[in-house]
Amino acid sequence: MVSEDVQTITEANFQVEVLEEPGLVLVDFWAPWCGPCRRLSPIVDAVAAELRGTVKVGKVNVDENPAAAHAYNVRSIPTVLLFKQGQVVETIVGLVDKQQLTRVVADQRS
Amino acid sequence: MIESEQVTIIGSGPAGLTAAVYTARAGLSPILIEGLDAGGQLMLTTAVENFPGFRDGIMGPDLMAEMRAQAERFGSRIVQGHVSSVDVSRRPFTIHTSEASFRTSALIIATGASARLLGLPAERALIGRGVSTCATCDGYFFRGRRIAIVGGGDSALEEALFLSKLASHVTVIHRRDALRGSQIMRERALGNPKISFLWNTVVEDIDDVEKGVVTGLRLRHIHTGERSRLDGEGLFVAIGHTPNTALFSGQLETDANGYIVTTNGTSTSVQGVFACGDVQDDLYRQAITAAGSGCMAAIDAERFLARIVPAGVYAAA
């Protein structure tokens, strides 16, 4: 599920890897039993590869990290949150295609 | 120059996949573009007990996996991705996804329908944060919590029954005083101690957009006008569906509710374009009627192609 450009984010490393990251961080909340999450996963990998260096990309398994999902009011998956300096600046709920995901990141880079 | 396909199918629910099976078996080598919600509405349900052929019922995703495998077995070419635009103003028709473009002599539309929303601004703001249109998808996040469902048909009752196993309590909010839907579903829901009903009631607003999460609902009784508040962490909207026809706006005739108008079986207002499944059906909306109309669309498309291909020439696969 995790490619080279994508980090595994957990409750243990969320603070350091996401909240303390100065640049943009894209976080994909998923679970193994979620069909649309499995379809989104390679799309997130592709976006991570394409935008390498401009955004950090990570995935959070909500089964293993329920408190992380709860902390950000994630009540549906897949949900992708875009963090900027520790704050959520964009929320994408549900399956989207690569174009949509890339556009959301691009909009925040300006 | 992009070569033209003989037939392209948009949509991968029971209608699209049945059309794929039939057109593939007719030697037409169909392209089927899955769409984002591949598998259609049955992917969002658990046990399907009324699709004929399965005496013990079958799980929705399993049924769709079978249909998909069957379509591929006979040579359907299934493409991931979703259609961004379509041009049926001239033949061959053109279809664009974000990754590719296709030209096709015949087009079968099987894009189905999506869950209708209440239309409240708070609803849109809280989607994924307590507002949901899919119990099987999101029920997980509401274990042990109080939730509400808006609706009174089979979809609402199915969601209520499913969620009653997870939630601490389920309140069904319906604007009428009687449930629609099949008798068996009504009996099961009304007899379930974890489900209660608020009749003649509508949702006026959803708390709490500022907090970014659902904390309760603001309700109004439609006869007395009395307003009340219902605490809860989730709202599931199950008030019906709206056909996915935005792609064809201005190009195909649709009825007042947005459904594609079909005549003589599955023919649309454009020759060579056929529609099947929920996108053209406001009346039955069942998996089996969708599958049946998918077969009809395939036969209609095949006959159409046979008339436009010169006699004696078989279009190469």
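What's counted below: heavy atoms across the whole structure, side chains too, no hydrogens, waters or symmetry copies. In what follows, chains are A, B, ... by sequence order, proteins preceding strands, each numbered from 1.
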> Given that the side chain runs from C-beta out, which part of Val131(B) has a heavy atom under 4.5 Å from chain A: side chain, backbone, both or neither?
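It is neither, since no heavy atom gets under 4.5 Å.
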> Output the distance between atom CD1 (Ile127(B)) and atom OG1 (Thr79(A)), rounded to the nearest 0.5 Å.
10.5 Å
> Evaluate Lys211(B) against Asn73(A) for side chain to side chain contact (heavy atoms under 4.5 Å, CB included), listing each step before the verdict.
CA-CA 9 Å; Lys211(B) 287 205 182 104; Asn73(A) 294 322; over 6 Å; no
> Which region of Val96(A), side chain (C-beta onward) or backbone (N, CA, C, O), has a non-hydrogen atom less than 4.5 Å from a non-hydrogen atom of chain B, or is it both or neither?
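Backbone only.
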> Distance from Lys98(A) atom NZ to Glu99(B) atom CD, nearest 0.5 Å?
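It comes to 6.0 Å.
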> For the interface with chain B, which of His70(A), Arg39(A), Gln99(A) has the highest count of heavy-atom pairs at distances below 4.5 Å?
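Between His70(A), Arg39(A), Gln99(A), the count favours Arg39(A).
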> Tell me, do Leu126(B) and Arg75(A) make a side-chain contact under 4.5 Å, heavy atoms counted?
no
> Working note: Val62(A) + Phe141(B), criterion side chain to side chain contact (heavy atoms under 4.5 Å, CB included); need CA distance, chi angles, decisive distance, verdict.
CA-CA 10 Å; Val62(A) 304; Phe141(B) 296 95; 4.2 Å; yes
> Among Leu40(A), Ile43(A), Leu95(A), which residue forms the greatest number of heavy-atom pairs with chain B at distances under 4.5 Å?
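Sorted descending by pairs with chain B, the first entry is Leu95(A).
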> Tell me the side chain to side chain donor-acceptor pair (under 3.5 Å) pairs involving residues 56-67 of chain B, sequence neighbours left out?
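Of all non-adjacent pairs touching residues 56-67 of chain B, none passes side chain to side chain donor-acceptor pair (under 3.5 Å).
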> Applying a criterion of heavy atom separation less than 4.5 Å, what residues of residues 10-27 of chain A form contacts with chain B?
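Within residues 10-27 of chain A, no residue comes under 4.5 Å from chain B.
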> Would you say Arg229(B) has more than 12 foreign heavy atoms packed within less than 6.0 Å of its CZ?
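For Arg229(B), atom CZ is crowded (more than 12 foreign heavy atoms under 6.0 Å).
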> Heavy atom to heavy atom, less than 4.5 Å: which residues from residues 31-42 of chain B reach chain A?
Glu34(B), Gly35(B), Leu36(B), Ala38(B)
> Name all pairs fulfilling the side chain to side chain donor-acceptor pair (under 3.5 Å) condition that reach into residues 109-121 of chain B, sequence neighbours left out, sorted by first residue then second.
Ser114(B)-Asn244(B)
> Taking all non-hydrogen atoms of both residues into account, name the closest pair between Ser98(B) and Asp97(A) and its distance.
OG-OD2, 3.8 Å
